[in-house]
Amino acid sequence: MGIRKLIMTTSLLAMAVISPAQQPAPQETKMDHSVSVIPQPLLLEYTDGEFVVEPDLKIFVKDKSPVAQAAAQLLSDKISATTGHAVKIEHSEPKKEVRNAIQLLTSSTDAALGDEGYTVSVTSNGIIARAPKPAGLLYAAETIRQLFPPELELKSRTGTSPLSIPALTIIDKPRFSWRGCMLDCSRHFMEKDFIFHYLDILAYYKMNVFHWHLTDDQGWRLEIKKYPRLTEFGAWRQEDGKRYGGFYTQEDAKEVIAYAKKLNIRVVPEIEMPGHSSAAIASYPYLSCFENVKEVPSQWGIERTIMCAGKESVFEFEENVLAEVAALFPDDYVHIGGDEAPKNNWKECPKCQERIKSEGLKDENELQSYFIKRIEKVLAKHGKKMIGWDEIYEGGLSPTAIVQYWNHDQYFRGAIENGNRVITSPTKFAYFDYPEFPDPEKPKWMRILPVSTVYSFDPIIEGVQPWQEHLVLGGEAPLWTERAPQPRVEHQLLPRLTAFSEVLWSRRGPKDYNDFLKRLDANYLRLDAMGIKYNPHEKENRGKEQPAPAQQ
Ligand code: ACM
Ligand code: ZN
């Protein structure tokens, strides 16, 4: 590395470790070539020349971790398919300076880049990516994919022009550590191969949490060996006179977890309770107060029948289910739902009322709090931390619970005041089941959520004090699927995920939506090359009147 380059890289590194609020906008000193990366990297500086891939390109990766290996494989697969020349992976570092190589190095770089940061240097000799941790190499690889022309994403070679990238240096690291997408696989079952594809999309935009909504009223989707009826019966419903459903065996779940791990994605299972539990209750009616639900519902909405909080047998069931879930999912976090639990039955149930009395609780809200806190202890026994939707605030919030804010501003603010950690998913910015533009097929109560509104979101919501900011882990975009069977999921997810990923990854500070749109245009070409059926409305209606963005 020449001295001028070294000085430049060192100064860029120094800038990367100053606080995001102090950082200037990314500098683009030469505009003859330009690249478009989403989410926007922290710093990007063009240098002289370009790197042109030659047929004997090699990738060097010494780090043996699954994530580093996956990063190398990803680049090898893409470049091999596009150029028609197999790109060899060497599991070592080159002994001397090499030409025509991509080097993925986990050593000798700045620890300030953290667990997920990286640098990429492109010169006429090749590409060198450095990261303190393997996850950074994966994100370097995802960025490198976007530095190449969109043809890289075609499944096979179509042109003869060589692949090239302008010379540049990138320094990058995420703003938030929790960058998630939730997929509801209960309302509509998603095939395992589709989940892999979904995870590929998440990783492409540097998302690192797959919140897997596995149970709800309309279907239980995870094999639990102690309770076989959950999937023999609870995974199926009648739809238009036909049996509809499906489930994941524990082996399927292990495959999903392993696939996600290589992409630096944690898998957070959601097992809903005490509400949204009709599929479980239909399988084992004793779980409810009055044993009155015998069929898995096929209509949407909030079911009135929920788990009984008075019967010990319900807690025994949850303990056994969570023991299997905790053994299966290696991540530290388990989501227990906790939302939309109507208390009508609890008011009338002698056992629930007896529990209120014996525990000295004030009302049914406190009974819900009792239920959730007891479940949190069960999870803690397995070394797991509990996440719940924001209603777990009702009746008293445990100080260690993680609250997923979706709908109740007062619960979000209360949780932050209490010192609880929070994941932000407010409906008006993050609900990807909502339509992007007025859609007569969607229910009227659904708010319109255009890309511009998603882009305007900041998880550090107004009113969060500087000393509370560390409590905001990041955000998640929930994708409920009542109206999104598998073929519709890409349409709901994209292009809004491009904006959401930038909200969670890119630097804090004034945003330039027009610059984002320019990069989005380039991104559409990549999505086209991948064959992804994104929603074309933004592209086709750019500049036309759009609904006013929601206020935070
Ligand atoms: C929710 O949308 N019911 C969390
Ligand atoms: Zn009851």
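Predicted model only: the values in this text are computed from it and were never measured. As the structure lists them, so they are numbered: ligands from 1, and atoms in each ligand from 1.
For the pairing with His211, the ring pair (Phe, Tyr, Trp, His ring centres under 6.0 Å) check across Trp389, Tyr198, Trp178 returns one residue only, Trp389.
In this structure, the protein non-hydrogen atom closest to atom 2 (O) of ligand 1 is Tyr431 OH, 2.6 Å.
Set against the non-hydrogen atoms of Trp480, the atoms of ligand 1 under 4.0 Å away are 1 (C), 2 (O), 4 (C). Set against the non-hydrogen atoms of Asp339, the atoms of ligand 1 under 4.0 Å away are 1 (C), 3 (N), 4 (C).
Side-chain polar atoms of Tyr393 and Gln410 form no donor-acceptor pair below 3.5 angstrom. Between the side chains of Gln353 and Glu364, at least one donor-acceptor pair of N or O atoms lies under 3.5 Å. For the residue pair Asn523/Tyr205, the side-chain donor-acceptor check at 3.5 Å is satisfied. Arg266 and Tyr333 are not linked by any side-chain donor-acceptor pair at a separation below 3.5 angstrom, with hydrogens and angles left out of the test.
By the 3.5 Å distance cut-off applied to N or O atoms, Trp389 is not counted among the residues near ligand 1. The N/O atoms of Trp406, backbone and side chain alike, include none that comes under 3.5 Å of an N/O atom in ligand 1. For ligand 1, the polar-atom distance check against Glu340 finds a nitrogen or oxygen pair separated by under 3.5 Å.
Ion pairing between a basic and an acidic side chain is recognised when a charged N comes within 4.0 Å of a carboxylate O; Arg355 and Glu312 show such pairing.
With the Zn ion (ligand 2) as the vertex, SG (Cys349) and SG (Cys308) define an angle of 120°, rounded to 10°.
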